[in-house]
Amino acid sequence: MEKILIVDDDVVLLESMSDFFTLLTGLPCIVCQSMDEVLANQSEILGGNVIFAVLDVNLGLGSPSGIDIYHWLSKHHFSGKCVFLTGHAKNHPLVAEAHRLTGIEVFSKPMDIERLIFMIEQQRTAYAKTV
Amino acid sequence: MLRQFSRSHVHNMLLSQGVLNLLGGFILGALWAYQEDFFVYLSSASAMFMGAFTCYFALKRQTISSRLSSSLFAVNLIPAYYGAWIDEKLTASQGSFWVPFQGYELCALALAILAPPARFIGVFGILIFLVMAWLQFLSFSPAQLDLLPQRPMAAPLAFTAFALVLYFFRLQGLKISELIAHREAEVRMMTKFTQTILAIKDFANSPLQSLTIDAELLRRQHPSTSAITERMQRSLSKLQELNQVLDKQYDSGIRATDPVVLDSLSELELARKAQSP
C-alpha cells in the first residue's frame with residue numbers, strides 16, 4: 001500500500017498532518033521529526049511504497065535540514081514526489097537553497113492543505129499507472 | 001536655537017580650540033617674553049591655562065551638551081582676542097614695516113573651521129576680529145600709520161568675508177551629516193523592527209498550520225461540531241490575515257544585505273532585552 005512521508009520537527013503539526021492526510025487519502029503516513037528518525041525508518045521509506053514526501057525545510061538549528069533529507073532520498077533513488085514546507089522568510093539561507101532546487105515546490109506555512117491533498121492524489125494516480 | 005550634534009564633533013571642536021589656545025599662548029609668550037611686559041605674561045598664561053583646561057575637559061567628559069560646549073568655546077575666545085591685540089600692539093611698537101592684522105586674520109579663519117553651529121557665536125566671533133582690527137588701526141600713532149601698507153584694512157575685511165562664507169559652508173556640511181546619521185539610525189531601527197516581526201511570524205507559522213489542519217479534521221470527522229469548527233476557522237482566517245500583513249511589512253522592509261533570523265525564540269528574546277530598562 002502507498003504511503004506518505006512527513007518530516008517536521010513540530011510534533012503537533014506532524015500529528016495533525018498525519019491524521020489529515022490519512023483521513024482524506026486513506027494512505028498511512030510515516031512521521032519523522034529528524035534525519036535520525038528518517039534513517040531509523042529508512043527500510044520502510046526506501047521500500048518503494050512511499051509516493052509522496054512532505055519535508056519541513058528547517059528541522060532545528062544545527063540539525064540536518066529537510067534539504068539534507070531530500071538529498072539523502074535522491075541519493076537512494078527515491079521515486080516519490082517531494083515538496084518542502086517552511087515557516088521561514090524567503091531570505092533564510094535554507095529556504096533560498098530549497099528554492100534553487102529544480103522541480104521541487106516550496107510552500108510557506110500556513111499553506112492551503114487542500115492543494116497538498118490534490119498533489120498527493122495526482123502522484124497516487126501517476127504511481128498507479130507505473131505499477 | 002542651539003542644536004545637538006554628535007559627541008565626536010563637540011569633543012573635537014573643544015580639543016582643537018584648546019590645543020590652539022595652548023600653542024598660541026606659548027608662541028606669544030616665547031616671541032614677546034623679552035619685552036618683560038606684564039600684559040604679555042598675562043595674555044600668554046591665560047591662553048595656555050584656558051587651552052589646557054579645555055583640553056582636559058574635552059578628554060575627561062563623556063557627554064557635553066551643545067549649550068555647554070558653545071559657551072565654553074565663546075569663553076575660550078577671550079584669550080584669543082586679547083592675545084591677538086597684544087601681539088599686534090607689540091609688533092606695531094617695533095618701528096619697522098610690518099604686515100598688519102595677520103593674527104586677526106588667522107584667528108578668523110580658525111574660528112570659521114572650529115566654531116560651533118550656534119550661529120551667533122560663529123558670526124559675531126568672526127566679526128569681532130574685524131572690529132578689533134579696526135579699533136587697533138584707529139589707535140595707531142601717525143608714525144605707525146606711515147609704516148603700514150596701502151589700504152591696511154582691506155586684508156582683514158577680505159579674510160572676514162572669506163571666514164564667514166567658510167563658516168556657513170561648514171555648517172551646511174554638518175547639517176547634511178546630521179541628516180544622514182539620523183536617516184541611518186531610522187534604517188537600523190526599521191531593520192530591527194522587521195527582524196522582530198519576522199521572528200514573531202516564523203514562530204507562529206507552524207502552530208497556525210496545525211490549528212488550520214485540526215479545525216478541518218474536526219469538521220470532517222465530527223460534522224456535529226461544524227458550528228464550533230466554523231468559528232475556529234474564522235478566527236484562524238483572521239490570524240492568517242495578520243500573517244499576510246506581517247508578510248507585507250517584511251517585504252517592504254527587507255534588503256538583500258539584512259541579517260537573517262535563524263532562531264525565532266532567540267531573536268525575540270534579544271528584542272525583549274533591548275527594550276527592557
Side-chain angles (χ1 to χ4, degrees), chain A residues 4 6-26 29 31 33 54-67 83-99 106-118 120, chain B residues 191 193-223 229 232-233 235-269:
Chain A
I4 301 167
I6 312 170
V7 184
D8 198 303
D9 59 335
D10 186 326
V11 69
V12 172
L13 180 56
L14 206 54
E15 287 171 9
S16 298
M17 281 200 286
S18 170
D19 289 346
F20 193 74
F21 291 154
T22 303
L23 179 72
L24 262 70
T25 64
C29 296
V31 296
Q33 280 186 266
V54 180
L55 310 172
D56 186 22
V57 170
N58 191 350
L59 296 171
L61 212 57
S63 305
S65 67
I67 297 172
V83 298
F84 285 118
L85 271 189
T86 180
H88 289 274
K90 297 169 214 168
N91 75 333
H92 192 285
L94 288 176
V95 177
E97 194 185 336
H99 277 286
V106 183
F107 295 105
S108 293
K109 293 175 190 173
M111 66 159 294
D112 180 5
I113 206 75
E114 301 283 353
R115 169 140 172 79
L116 209 50
I117 297 292
F118 175 73
I120 293 170
Chain B
T191 304
F193 177 63
T194 304
Q195 272 183 276
T196 304
I197 287 175
L198 193 59
I200 293 169
K201 190 176 153 324
D202 286 357
F203 196 71
N205 279 336
S206 287
L208 195 54
Q209 179 81 82
S210 186
L211 283 168
T212 308
I213 292 172
D214 286 340
E216 186 58 25
L217 264 172
L218 202 56
R219 188 184 70 81
R220 287 173 188 256
Q221 285 180 322
H222 302 282
T229 55
M232 283 173 72
Q233 277 167 344
S235 299
L236 286 166
S237 294
K238 284 206 167 134
L239 287 174
Q240 280 168 355
E241 249 182 74
L242 173 62
N243 212 23
Q244 282 161 9
V245 167
L246 293 179
D247 264 339
K248 283 181 189 163
Q249 173 62 35
Y250 166 72
D251 284 341
S252 67
I254 198 72
R255 296 173 301 176
T257 53
D258 282 333
V260 172
V261 172
L262 294 178
D263 183 358
S264 307
L265 269 178
S266 305
E267 185 65 37
L268 290 169
E269 187 56 27

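Reminder, nothing fancy here: chain letters follow the sequence lines and each chain counts from 1. We use all heavy atoms of the structure for the numbers below, so side chains are in, but hydrogens, waters and symmetry mates are not.
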Novice: Report yes if the side chains of A:D19 and B:Q221 come closer than 4.5 Å at any heavy-atom pair, otherwise no.
Specialist: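 No, too far: nothing below the 4.5 Å cut-off.
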
Novice: Out of A:S16, A:S108, A:P110, which one pairs with B:Q209 under the side-chain contact (heavy atoms from CB on, under 4.5 Å) rule?
Specialist: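 Of all the options given, the one that passes is A:P110.
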
Novice: Apply side chain to side chain contact (heavy atoms under 4.5 Å, CB included) to B:I213 and A:M17, showing your working.
Specialist: CA-CA 7 Å; B:I213 292 172; A:M17 281 200 286; 3.3 Å; yes

Novice: Heavy atoms only: give me the nearest A:G87-B:N205 pair and the separation to one decimal.
Specialist: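 Smallest heavy-atom distance, with atoms named: O-ND2, 2.5 Å.
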
Novice: Between A:L14, A:D8, A:L24, which residue shows the highest count of heavy-atom pairs closer than 4.5 Å to chain B?
Specialist: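 Top count of heavy-atom pairs under 4.5 Å with chain B: A:L24.
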
Novice: Can you tell me how far apart CG (B:L208) and CE (A:M111) are? Round to the nearest 0.5 Å.
Specialist: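 If I round to the nearest 0.5 Å, the distance is 13.0 Å.
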
Novice: Please determine, among A:L23, A:V12, A:T86, the option with the most heavy-atom pairs under 4.5 Å with chain B.
Specialist: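 Of the options given, most contacts go to A:L23.
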
